[in-house]
Amino acid sequence: MSESQAWDAVDAYFTDHLAPDDEVTAAALRDSEAAELPHVNVTANQGKLLQLLAEIQGARTVLEIGTLGGYSTIWLARALPADGRLISLEYDPRHAEVATRNIARAGLDKLVEVRVGPALESLPLLADENPPPFDLVFIDADKVNNAHYLEWALRLTSVGSLIVVDNVVRGGRVVEADSDAGDVVGTRAAIELIGSHPRLSGTAIQTVGAKGYDGFALARVLA
């Protein structure tokens, strides 16, 4: 068994026992596949982690930057109370259409609102609404703008909020200080912002599994 085969096998074992897809999440994946959406959604195990983080956080409000087919949205929304709110920002109208159907089928459409358009345009509009601080922010959109999304997340959260940034390892390329690749430059900027910002305390975790070699960053908002 190769190293990558071992990663996949362990991921499958953990998923089977700890985070199996049900009819709703499986249908969301099938519909995303049928609509030919990019295969970049979180895995079931990662989705369950997001749900647990939201539950541990006691989240009532969640902001997601990057909806895709709504798979991660469903996991996050399942952690919310009946009067909770999740706003998800999606650039691509076709992705948002698929996600909206998946979220409705999950019975979560009363909790979730998908807003379409470039996130860096949607975020100022959201801020203008002066919403209550978000308890959890999940950033999983274009990596070039990771630091900008993080800055907006800081504006839209308060003390104790949790910010999660996905896909920060980039297959190990995150260590390439001289890289001019947008995803690496944007991710390094976000990591360095977490490390230097006086209102953030964070760390990053490397992961292996069905999505290869990657990882995520966690940051807690301080006073």
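Everything quoted here is computed from the prediction, not taken from an experiment. By convention here, the first residue in the shown sequence is residue 1.
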Under 3.5 Å, side-chain donor or acceptor atoms of residues 116-128 against the rest of the protein: list the pairs with distances, not counting sequence neighbours.
{"unit_1": "Ser122", "atom_1": "OG", "unit_2": "Pro118", "atom_2": "O", "d": "3.4"}

Side chains of Thr25 and Trp75 in contact at under 4.5 Å (non-hydrogen atoms): yes

Glu23 CD: over 12 foreign heavy atoms closer than 6.0 Å: no

Interatomic spacing from CG in Asp16 to CG in Asn45 - rounded to 0.5 Å: 10.0 Å

Inter- and intrachain pairs under salt bridge (charged side-chain N to carboxylate O under 4.0 Å, His left out), touching residues 148-157, at least two apart: none

Contact check, side chains of Trp152 and Val137, non-hydrogen atoms, under 4.5 Å: no

Within-4.5 Å side-chain heavy-atom neighbours: Leu53 and Leu162: yes

Value rounded to 0.5 Å, distance of CG in Asp8 from CD in Glu3: 11.0 Å

Polar side-chain atom of Thr15 near backbone of Asp11 as donor-acceptor pair, under 3.5 Å: yes

Shortest non-hydrogen contact from Ala204 toward Val168: CB-CG2, 4.4 Å

Sequence neighbours excluded - ring pair (Phe, Tyr, Trp, His ring centres under 6.0 Å) pairs with any residue from residues 3-59: Tyr13-His17

Asp142 and Tyr149 side chains, donor-acceptor separation under 3.5 Å: yes

Which residues share a side chain to side chain donor-acceptor pair (under 3.5 Å) with Gln57, sequence neighbours left out: none

Residue list, side-chain contact (heavy atoms from CB on, under 4.5 Å) with Asn41, at least two apart or on another chain: Leu29, Leu68, Tyr71

Any Asp166 side-chain heavy atom under 4.5 Å of Phe138 side chain: yes

Separation between CG of Asn167 and CD1 of Ile139, rounded to the nearest 0.5 Å: 11.5 Å

N/O donor-acceptor pair under 3.5 Å between Asn102 side chain and Gly70 backbone: no

Spacing of Leu150 atom CG and Asn145 atom CG [to the nearest 0.5 Å]: 12.0 Å

Asp22 and Arg78: CA distance, side-chain angles, deciding distance, salt bridge (Lys or Arg N to Asp or Glu O under 4.0 Å) verdict: CA-CA 13 Å; Asp22 54 30; Arg78 284 177 167 177; 3.0 Å; yes

Those residues that, when tested against Ser161, pass side-chain contact (heavy atoms from CB on, under 4.5 Å) (two or more places apart): Thr157, Ser158, Val221

Minimum-distance pair of heavy atoms, taken over all atoms of Ala77 and Val112: CB-CG2, 3.7 Å

For Ala59 against Val62, the heavy-atom pair lying closest together: CB-CG2, 4.1 Å

Shared hydrophobic cluster for Val42 and Val114 (ILVMFWY, side-chain gaps under 4.5 Å): yes

Check: Gln46 main-chain N/O paired with Thr43 side-chain donor or acceptor under 3.5 Å: yes

Leu86 and its side chain to side chain contact (heavy atoms under 4.5 Å, CB included) partner, picked from Leu80, Leu111, Ile103: Leu80

Side-chain touch Val174/Arg188, heavy atoms, less than 4.5 angstrom: yes

CZ (Phe216) with more than 12 external heavy atoms under 6.0 Å: yes

Val144-Ile191 co-clustered via ILVMFWY side chain contacts under 4.5 Å: no

Nearest heavy-atom neighbours spanning Phe134 and Pro131: CE1-CG, 4.1 Å

Salt bridge (charged side-chain N to carboxylate O under 4.0 Å, His left out): pairs with one or both residues in residues 130-140, sequence neighbours excluded: Asp140-Lys143

Interatomic spacing from CD in Gln51 to OG in Ser72 - rounded to 0.5 Å: 12.0 Å

side-chain contact (heavy atoms from CB on, under 4.5 Å) involving Glu113 - partner list, sequence neighbours excluded: Arg85, Ile87, Arg115

Minimal non-hydrogen separation, Ala19 against Ala44, with atom names: O-CB, 3.4 Å

By side chain to side chain donor-acceptor pair (under 3.5 Å) - contacts of Ser201 (at least two apart): none

Inter- and intrachain pairs under salt bridge (charged side-chain N to carboxylate O under 4.0 Å, His left out), touching residues 92-107, at least two apart: Asp31-Arg105, Glu97-Arg101

Gap separating the CG atom of Asp214 from the CD1 atom of Ile205, nearest 0.5 angstrom: 12.5 Å

Side chain to side chain donor-acceptor pair (under 3.5 Å) partners for His95, two or more places apart: Glu90

Pro133 to Thr61 - nearest heavy-atom pair and separation: O-OG1, 3.0 Å

Cluster overlap Leu49 with Val24, hydrophobic side-chain contacts below 4.5 Å: yes

Pairwise side-chain contact, Leu218 with Ile163, heavy-atom cut-off 4.5 Å (strictly under): no

Salt bridge (charged side-chain N to carboxylate O under 4.0 Å, His left out): pairs with one or both residues in residues 46-66, sequence neighbours excluded: Arg60-Asp83

Within-4.5 Å side-chain heavy-atom neighbours: Leu136 and Leu76: yes

